[in-house]
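The model shown is predicted, which means the values in this text are computed figures rather than measured ones.
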Amino acid sequence: KVKIAPNSELQIIGKRAFSSCEKIQKVTFETPSSITSIGERAFEECKSLVHFEIPPKVTVIEYGTFDSCSKLEKVTIPSSVTKICERAFGRCSSLKQIEFPSSITSIGKGSFSECSSLEKVNLPSSVASIEKRAFSQCTSLKEIILSSSLESISKKVFNKCKSLIKVKMPSSVKSIG
């Protein structure tokens, strides 16, 4: 367990800070939290991590932040987050649900690829772009509701989503792939 004390002066969790710490099950940020940034791959391969609540001052979920956290089931994303970068949640095979705040504008390349337990995605109207392979190989994904402001969907976004039966496509989409 990692616990960041209230009123801590810690603002940045650096690149790969807890990468491959396989025994960490929980990370707690006591309020008020001063964390403004969690670096690339900071919690990558924390194979026992089950739940993570991103602090309210973080604006970007960086490259590979939670990549290969195979037991991660739930992530709480605050309304301060506007961008989810490449492979942020790639290979989080136990991730069942993700609630996107209305502040999200961009879903990065492969950001949820190989999340084999993810069943439904509902993107808020703020999402303007979904980069390639964002949800590829989400083998349990059955339904996705796309943002009403989405104009283009990059290639292979739903590649190998074998269970996908429903895609709610807004009229704003001009190109796919």
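A donor atom on one side chain and an acceptor atom on the other are found under 3.5 Å apart for S147 and S149. For the residue pair S113/R87, the side-chain donor-acceptor check at 3.5 Å is satisfied. Defined by atom type and a distance below 3.5 Å, a donor-acceptor pair is missing between the side-chain atoms of E151 and S172.
Between F135 and F100, the ring planes lie perpendicular to each other; the angle is over 60°, past the 30° to 60° tilted range.
Between V121 and I145, the closest side-chain pair of non-hydrogen atoms is not below 4.5 Å. Between I12 and I35, the closest side-chain pair of non-hydrogen atoms is not below 4.5 Å.
Taking every heavy atom of both residues into account, L72 and V50 meet most closely at CD1-O, 3.4 Å. The two residues C92 and F66 make their nearest non-hydrogen contact at SG-O, 3.1 Å. Closest non-hydrogen pair, P78 versus P101, comes out as O-CG, 3.3 Å.
Rounding to the nearest 0.5 Å places NZ of K71 at 10.0 Å from CD of E73. To the nearest 0.5 angstrom, E62 atom CD is 5.0 Å from C85 atom SG.
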Steps toward side-chain contact (heavy atoms from CB on, under 4.5 Å) verdict (V157, I107): CA-CA 10 Å; V157 168; I107 308 288; over 6 Å; no
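At distances below 3.5 Å, at least one donor-acceptor pair connects side-chain atoms of S117 with backbone N or O atoms of S93. Listed for the S163 side chain is a donor-acceptor partner under 3.5 Å among the backbone atoms of T139. At distances below 3.5 Å, not a single donor-acceptor pair connects side-chain atoms of S19 with backbone N or O atoms of A42.
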